[in-house]
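See structure below.
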Amino acid sequence: MPSAVLQRPPRTSPPRRDVPRRTRVLALAEARWAAAATTAFLLALPLQLTGAPAWTWGVLHAVAYVTGGWEPAWSGLRALGARTLDVDLLMIVAAVGAAAIGQVLDGALLIVIFACSGALEALATARTEDSVRGLLALAPETATRLAADGTEQRVATAELAVGDVVLVRPGERVGADGRVVDGAGEVDQATITGEPLPVPKEPGDEVFAGTLNGTGALTVRVERDAGDSVIARIVAMVAEASETKAPTQLFIERVEQCYSVGMVAVTLAVFVVPLLLGAELTRSLLRAMTFMIVASPCAVVLATMPPLLSAVANAGRHGVLVKSAVVMERLGQVDAVALDKTGTLTEGMPEVAAVRPLPGTGPDEETLLTWAAAAEHPSEHPLARALVAAARARGLRLPPAEEFTASPGTGVRATVDGARIAVGSPARLLPAGGPADTRAGALVAELEESGHTAVLVLRDGVPAGVLGLADRLRPGAAATLASLRALTGRAPTLLTGDNPRAAARLAAEVGITDVRAGLLPEDKVSAVRAQEAAGRRVLVVGDGVNDAPALAAAHTGIAMGRAGSDLALETADAVVVRDELATVPAVLRLSRAARRLVVQNLVVAAVFLSGLVVWDLAGDLPLPLGVLGHEGSTVLVGLNGLRLLREAAWRRAAGPA
């Protein structure tokens, strides 16, 4: 490579890209209004219950009505102008009607519930937009384009065209999808493929926009426009998969419309028909307002939310952040599971799994490991950290390394105890022609066939042995997969961008038979959609940017929290905060328990609501009795749902299947 290419020319630094910020909760108008309404309600509640003067709690309730109700009321009025009627407006009318006949507390509670629900929905939308902006920030704004005469020009990555040649220096991110035409190095492309280790790159190898170059300079020919890069496609797939959830929302809106129209029609009939038959105005109005109260869906709302929110809170205490009550309900519907490998089933960090000295060359296992760890000690490569950790775990003393050098894509060389030790890629280090070389090659092939990453150790140019490294399996992974199989009735699927041999080795350890390896993000999405097309509700568990489209496309997605990418954490419906894989089947069982309580509560609410409505329509239901029945059913279903807050509920969920 010409020296002019390797030399960094003097230039001004490109403008620093602003780091995308997460939207703050109170930055959302919906959240501010909901907070104001909730605060006013909580201040008014003890005053009213302790018999304080009516003006004290009345003013606070009025504040709750206005702050929490004006937005859904305005939205409902606009919908009414478009000749549709939704539950938001119906709830505001019910709340005002309750206040009109003295049930101010009931109305305020309805207002607060709906205001908080709207705030949560707005926050979820904003955070998803934040995560997509964060993903786009992975790709650099500028790149170094090389002219035909070798001169450099700093240009915006959006201006790069197919056929352009760019220089990627050590520590820089690749500006566009392309293929290496000159140079050698190692690229961390975990954000795209999920591979746990940097991948050696040399002429002819493909690289992706947004991946991080390591120690060697690369010359890359652009093969895709910016809008067609893998990163851009991931963003598009996340947006597309999120939109596929719209049919469920449309179904809910249709139910709301029918219920709203029916309730308004019946309320008007309850008021008008008795008047036409000669009843008194006051009596007819009182009966209509009683119907409005008893037909109000307070008990139905509480029938659903307390069990689900209690389950959300209980899961949160045990390290699983479930983002909404809707997600908690969907988790209980899962009947198929697909998991990523690196960072999900494994810890994403390599460990020494095999130490194989070459027979007849002298060193035993401990000596071979000592040489390799001592030579790698000055390096910051993940493989070096694994070798040093393995030596320390065995209590080995590492002699100092002298004359240390590192070659991108090849390995390291150092003088240890007077001998020249080389550690690195067998393909680059392995000489040819001698018996020792043949035996070393056989060891390398054996380890690689079993799914390990093989590392060759040379002493004074002669092969001394081979080390096998593998990604560390998470504790309890096999037991977790057995629990998931028992819960869903199907064996989980492994979806990974790693190589097939490594994937097969890990799958054999944990008992997975359906293995899909070497997948790009769009391949994972296709695998998920194929299962869903077969009628399955798929849970995807992953951690990387490359898993985000599959997390969004799935029925439900769970991300591992500690090492998970920002996009995966935001796209997923739930996050395992402490990376405890065993909590995944536990939260599925907790969700199923919550759904059983929801069914119980809906039955209770339906019995009370239908009974009171029929009484009011067919007989003469006294207002106090109607309020007592309505409030009694509300309290009953609320207390029943709160049972999932207890520690015993989690112990049952985390127990054996």
Side-chain angles (χ1 to χ4, degrees), residues 18-45 58-82 84-96 98-99 104-137 238-239 242-243 245-246 248-250 252-253 256-257 260 297-298 301 304-305 308-309 312-313 316 321-327 566-567 569-571 573 575:
D18 292 333
V19 177
R21 296 182 178 179
R22 286 163 58 93
T23 300
R24 296 181 179 179
V25 176
L26 292 181
L28 300 172
E30 295 90 342
R32 293 196 296 272
W33 291 120
T38 303
T39 301
F41 176 77
L42 293 177
L43 290 174
L45 183 61
V59 170
L60 291 171
H61 277 316
V63 171
Y65 272 74
V66 172
T67 56
W70 79 267
E71 193 169 28
W74 178 244
S75 175
L77 289 173
R78 285 187 299 176
L80 193 62
T84 60
L85 190 63
D86 59 22
V87 170
D88 284 358
L89 183 60
L90 184 61
M91 289 302 96
I92 298 301
V93 172
V96 173
V104 179
L105 183 62
D106 282 358
L109 180 60
L110 277 176
I111 292 290
V112 168
I113 288 175
F114 272 78
C116 291
S117 175
L120 288 174
E121 182 178 355
L123 180 61
T125 301
R127 287 290 169 82
T128 300
E129 293 172 352
D130 292 343
S131 66
V132 173
R133 287 197 299 271
L135 173 61
L136 290 173
V238 170
S242 298
E243 291 174 0
K245 298 179 182 179
T248 301
Q249 185 64 33
L250 292 175
I252 293 173
E253 291 175 359
E256 289 178 348
Q257 180 70 13
S260 301
C298 289
V301 171
T304 304
M305 296 305 291
L308 297 173
L309 293 179
V312 169
L321 173 61
V322 180
K323 295 186 178 180
S324 72
V326 174
V327 172
D566 288 342
L567 183 67
L569 298 180
E570 295 296 347
T571 304
D573 300 299
V575 177

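The first residue in the sequence is number 1, and the count goes up from there.
The side chain to side chain contact (heavy atoms under 4.5 Å, CB included) search around Val322 returns Val312, Ala315, Val320, Val327, Met328, Leu331, Ala574, Val587, not counting sequence neighbours.
A 4.5 Å side-chain heavy-atom check between Val63 and Phe41 finds every atom pair outside the cut-off.
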Give every donor-acceptor pair under 3.5 Å between a side-chain atom in residues 31-40 and any protein atom, sequence neighbours left out.
residue: Arg32; atom: NH1; partner: Leu26; partner atom: O; Å: 2.8
residue: Arg32; atom: NH1; partner: Ala27; partner atom: O; Å: 3.2
residue: Thr38; atom: OG1; partner: Ala34; partner atom: O; Å: 2.8
residue: Thr39; atom: OG1; partner: Ala35; partner atom: O; Å: 2.8

